[in-house]
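Structure first, commentary second.
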Amino acid sequence: HRVTLGEPPRGFWLPRCAYAEGIGIEEILSESGVVFTVVRGDSIERADPQPRFGARSPLMGRAAPVVFLGADRELSSQLRGPVGADHQSWAKGVVGELESRALEAGAGMEHPPLFVGVVELVDVAGEPGWLEGVVQLLRELTARDGALQLVTPSDALRQLTRVERARPATSFGEAHEEGESWIGRE
């Protein structure tokens, strides 16, 4: 990233959105110039202390100045669709549901709630029509004049006036709930 773009990356993707507290991940990211990362939403929801708005709002770690964005499990699961060939109906359904969830989740928040959708290409490689579905979803999101706005993580962080501080909880990727692939059973 530094060689190609001449600056350190602002964000870094933790594999499978996994996070383990107490092993220095925040410090390593911060020392590398990383300002944000994405973790599973439950890592933020179970943070200490528990954040007021859960995974809908970014969280500043306690060990180093790195912001954690919580991946939304439901949205991430939907983004692995669409099933079948009716991409337009699928996209309208996803956007409609997100608008409802945004209105519900946003009550009392100082900024719009964040819904971070995560799809690893390995999960959808070879799925026929997947890319066409995503294109249709982006069209639907940009065509609506509603409660949703597409933003990059950097843009979302610039819009914040305050970020809660807490220690994210350990959380492993969906296929590795107990962490056996990451740290072994022993």
Side-chain angles (χ1 to χ4, degrees), residues 10-19 36-47 50-59 67-161 163-164 168-169 171-178 181:
R10 291 188 42 80
F12 183 81
W13 179 274
L14 293 174
R16 302 301 261 180
C17 296
Y19 175 78
F36 68 87
T37 189
V38 178
V39 295
R40 285 181 38 157
D42 68 307
S43 183
I44 291 179
E45 291 164 354
R46 296 181 296 108
Q50 189 171 10
R52 193 168 151 210
F53 297 107
R56 299 290 158 262
S57 190
L59 182 73
V67 175
F68 293 87
L69 304 170
D72 185 86
R73 183 181 291 226
E74 188 175 338
L75 175 59
S76 298
S77 178
Q78 288 174 318
L79 290 177
R80 291 185 187 109
V83 178
D86 191 1
H87 302 305
Q88 189 170 16
S89 294
W90 170 80
K92 285 183 180 193
V94 170
V95 171
E97 185 179 323
L98 272 176
E99 286 177 329
S100 296
R101 290 176 62 203
L103 290 172
E104 185 179 306
M109 293 183 79
E110 297 170 3
H111 58 81
L114 294 176
F115 292 90
V116 179
V118 173
V119 176
E120 294 193 31
L121 292 180
V122 70
D123 293 337
V124 295
E127 292 291 328
W130 177 81
L131 186 57
E132 291 84 354
V134 171
V135 169
Q136 186 62 44
L137 179 63
L138 292 173
R139 284 184 184 137
E140 186 67 27
L141 281 167
T142 55
R144 291 206 184 183
D145 187 27
L148 301 177
Q149 178 185 13
L150 285 174
V151 295
T152 66
S154 293
D155 289 340
L157 295 178
R158 275 193 286 275
Q159 294 174 8
L160 297 177
T161 55
V163 178
E164 291 182 79
S171 182
F172 297 100
E174 290 178 33
H176 311 285
E177 283 302 322
E178 302 300 320
S181 295

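- Remark: side-chain polar atoms of S77 are not paired, donor with acceptor, to backbone N or O of R73 under 3.5 angstrom.
- Between T37 and V67, every side-chain heavy-atom pair lies at or beyond the 4.5 Å cut-off.
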Steps toward side chain to side chain donor-acceptor pair (under 3.5 Å) verdict (H111, T161): CA-CA 8 Å; H111 58 81; T161 55; over 6 Å; no
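- In this view, E140 and A91, K92, V95, R144 satisfy the side chain to side chain contact (heavy atoms under 4.5 Å, CB included) rule, not counting sequence neighbours.
- Using a 4.5 Å heavy-atom threshold, the side chains of L157 and L69 count as touching.
- Residues V151 and Q159 form a side-chain contact, since some pair of their non-hydrogen atoms from C-beta on lies under 4.5 Å apart.
- Under a 3.5 Å cut-off, the side chain of S43 and the backbone N or O of A169 do form a donor-acceptor pair.
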V116 vs D72, side-chain contact (heavy atoms from CB on, under 4.5 Å): CA-CA, chis, key distance, verdict: CA-CA 5 Å; V116 179; D72 185 86; 5.6 Å; no
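- The OG atom of S171 sits 12.0 Å away from the CZ atom of R16 when rounded to the nearest 0.5 Å.
- Separating the CD atom in Q88 from the CD atom in E132 is a distance of 14.0 Å, to the nearest 0.5 Å.
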side-chain contact (heavy atoms from CB on, under 4.5 Å) between E74 and R101, worked out: CA-CA 11 Å; E74 188 175 338; R101 290 176 62 203; 3.8 Å; yes
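- For S89, the side chain to side chain donor-acceptor pair (under 3.5 Å) partners two or more places apart in sequence, or in a different chain, are D86.
- Two residues are said to be in side-chain contact when any heavy atoms from C-beta on lie closer than 4.5 Å; L114 and P58 meet this criterion.
- Looking at heavy atoms from C-beta onward, W90 lies out of side-chain contact with Q136 at the 4.5 angstrom threshold.
- Taking the centre of each ring, F68 and Y19 come in below the 6.0 Å mark.
- Here the CZ-CZ distance, from F36 to R10, works out to 6.5 Å after rounding to the nearest 0.5 Å.
- Residues V38 and P153 have side chains not in contact (no heavy-atom distance under 4.5 Å, counting atoms from C-beta outward).
- Contact check for L138 versus V135: no side-chain heavy atoms found under the 4.5 Å cut-off.
- Here the side chains of E97 and Q78 are in contact, with some heavy-atom distance below 4.5 Å.
- Between the CG atom of D155 and the CG atom of L150 there is a distance of 11.0 Å, given to the nearest 0.5 Å.
- Separation of atoms OG (S57) and CD (E164) is listed at 6.0 Å; rounding is to 0.5 Å.
- Here the CD-CG distance, from E45 to L59, works out to 11.5 Å after rounding to the nearest 0.5 Å.
- Residue P168 comes nearest to A47 through the heavy atom pair CA-CB, 4.0 Å, listed as atom of the first residue, atom of the second, then distance.
- Closest non-hydrogen pair, A105 versus P113, comes out as CB-CB, 4.2 Å.
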